[in-house]
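Notes follow the structure.
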Amino acid sequence: MIIVFGWGRSQNSLDDFAVTLSESISLDQELYQEDIRGSLAHARMLYKINVLNADELKQIEVGLEKIRSQIERGKFKFDPKLEDIHTHIEMALIEICGDTGRRLHTARSRNDQIALDTHLYVISRSKLLAALILALCEALYKQAQSHLNTLLPGYTHLQVAQPIRLSHHLLAYFWAFSRDMERLKETAKRASRLPLGSGALAGLNYKVDRDFLANELGFASIYSNSMDAVSSRDHILDFVSTTAVIMSHASRLAEEIILWNSQEFSFLVLADNLTTGSSIMPQKKNPDLAELVRGKTGRVQANLQNILTNLKGLPMCYNRDLQEDRFPLLDSYKQTSLCLEAMAKMIAGIDFKSKRMRQALEKGYANATDLADALVQKKAIPFREAHHLVGRLVRLCVEKDLSLEEASLADRKAISPHFANEEFYKQSIDLEASVEKKLSYGGTSLSSQKKQIEEAALELQKWKTY
Ligand code: ARG
């Protein structure tokens with residue numbers, strides 16, 4: 001059994017502080033599946049090129065499966081002295097099958113091994129995140145479907161702007177997340193390039209069969225340049241930047257949940273099992289999960305800065321700095337997946353308060369633009385003048401704490417005789433009529449929204465087969 005660890009020239013064990021500084025096993029034990037998959041493929045390739053015989057291959061396969069099972073049952077001992085996941089698995093294999101185990105590292109370096117593991121990780125985690133986004137999009141879609149006829153204010157500058165349908169607001173997020181699925185798909189596609197078979201940097205003194213390896217591991221292509229293969233962390237940059245974008249979308253939605261859940265807005269009520277109370281204030285129902293999503297966004301976005309800074313100015317080829325890629329990669333996956341799950345559950349469980357939304361709409365003068373447009377279209381008034389007249393009417397209503405609906409005939413006439421006709425005035429400020437006028441593609445009228453719902457259903461269908 002090997003107790004003291006040191007490769008080649010360096011026979012001594014490291015000082016304790018140096019072990020702590022050097023180890024990556026505390027993080028990359030998460031890569032055990034990928035590492036074992038890579039080793040199995042490598043062993044099969046070594047058999048194919050006659051470096052291993054059938055019996056040796058069998059022993060290695062059985063040994064690696066045994067290690068996998070030990071790890072999964074929590075029976076595997078991780079030791080920071082063994083630095084990383086590759087060394088742990090290799091040492092354990094040697095313990096299981098002696099000299100045969102010592103043959104596995106033929107024609108391979110930890111440099112192409114870690115590159116392989118992280119490529120496999122990026123591919124599989126991109127798919128897992130895409131599945132979570134799909135669930136979130138489905139929740140948004142369902143809520144949108146049942147709120148085609150719920151009207152609320154649309155905001156600009158967080159000021160009431162124009163009436164919209166709630167489906168419109170929810171689908172805006174649906175499309176943002178759907179683009180994130182595209183990003184994940186692209187990330188996985190670009191990561192589908194095999195680095196294994198590059199050796200430490202220069203290539204290998206063996207006739208390694210990289211096509212066989214690519215095929216065995218499901219890669220679409222092979223790195224053309226062994227130096228690029230062991231140096232590139234583009235796959236990690238892609239993944240971490242995609243998760244940063246996903247979190248920027250999630251945090252905007254989280255912020256709206258927090259805002260709408262406030263007493264002042266009261267546009268929604270969150271499911272009880274997703275909120276917390278206060279230890280002192282009995283009336284509180286806090287949107288902690290949404291706040292955590294908003295907070296964790298800072299962390300995930302910082303991970304992108306982390307890896308970008310690590311790579312800046314790094315010379316070819318492998319440098320130990322690269323070991324630090326593990327933190328942003330694994331952390332961004334973990335945090336983003338937790339947050340996506342939380343968002344999907346939150347959205348599915350929200351009880352939207354249509355009545356409150358309606359009140360906010362009436363009090364917020366969201367129909368002011370429609371009234372100005374009506375003056376232009378029906379009374380042939382230049383838009384600037386119409387804008388001015390409606391502005392004066394709104395000011396009067398604000399002073400008297402009235403909605404446009406509540407303004408008296410006398411008040412309206414005092415501003416302009418154009419507001420006198422009851423029929424014209426009522427029709428021009430009618431909220432339903434306002435949304436119905438937004439017939440443009442992508443707009444808030446019922447027909448445009450129904451069309452969008454249909455398109456969203458097709459989009460979901462497309463991603464389900466991804
Ligand atoms: N623990 C290293 C890492 O994770 C493995 C590669 C080590 N290569 C080396 N030449 N020291 O990056």
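Computed from a predicted model, the values in this text were never measured in an experiment. In each ligand, atom 1 is the first atom listed, and ligand 1 is the first ligand listed.
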Atom 1 (N) of ligand 1 has as its nearest protein heavy atom D84 OD2, 2.7 Å
Pairing donors with acceptors under 3.5 angstrom, does anything connect the side chains of S69 and R73? yes
For this session: Scan side-chain atoms only and decide if H235 and T118 contain a donor-acceptor pair under the 3.5 Å cut-off.
Result: yes
Review point. Quick one: does R326 get a heavy atom under 4.0 Å from ligand 1?
Key: yes
Sorted by chain and number, sequence neighbours left out, side-chain contact (heavy atoms from CB on, under 4.5 Å) with S39 holds for D35, L64, L104, R108, Q113
The atoms of ligand 1 lying under 4.0 Å from a heavy atom of N111, numbered in the order shown, are 6 (C), 7 (C), 8 (N), 9 (C), 10 (N)
Under the ring pair (Phe, Tyr, Trp, His ring centres under 6.0 Å) criterion, do H249 and W175 qualify, and how do the steps go?
-> CA-CA 10 Å; H249 293 148; W175 295 111; over 10 Å; no
Report task. Specify whether F267 and F265 have parallel, tilted or perpendicular ring planes, treating 30° as the upper limit for parallel and 60° as the lower limit for perpendicular. Result -> perpendicular
If you measure every N/O of H86 against every N/O of ligand 1, is any gap under 3.5 Å?
-> no
Atom 3 (C) of ligand 1 sits nearest the protein heavy atom Y318 OH, 3.2 Å
Worksheet item: Has ligand 1 got any nitrogen or oxygen that is less than 3.5 angstrom from a nitrogen or oxygen of Q323?
Response: yes
Honestly, for Q113 the part within reach of ligand 1 (heavy atoms, under 4.0 Å) is neither
Under 3.5 Å, sequence neighbours excluded: what are the donor-acceptor pairs made by side chains of residues 149-162?
{"from": "N149", "atom 1": "OD1", "to": "R165", "atom 2": "NH1", "distance (Å)": "3.2"}
{"from": "T150", "atom 1": "OG1", "to": "H147", "atom 2": "ND1", "distance (Å)": "2.8"}

Residue, atom and distance of the protein heavy atom nearest atom 11 (N) of ligand 1 read R110 NH2, 3.6 Å
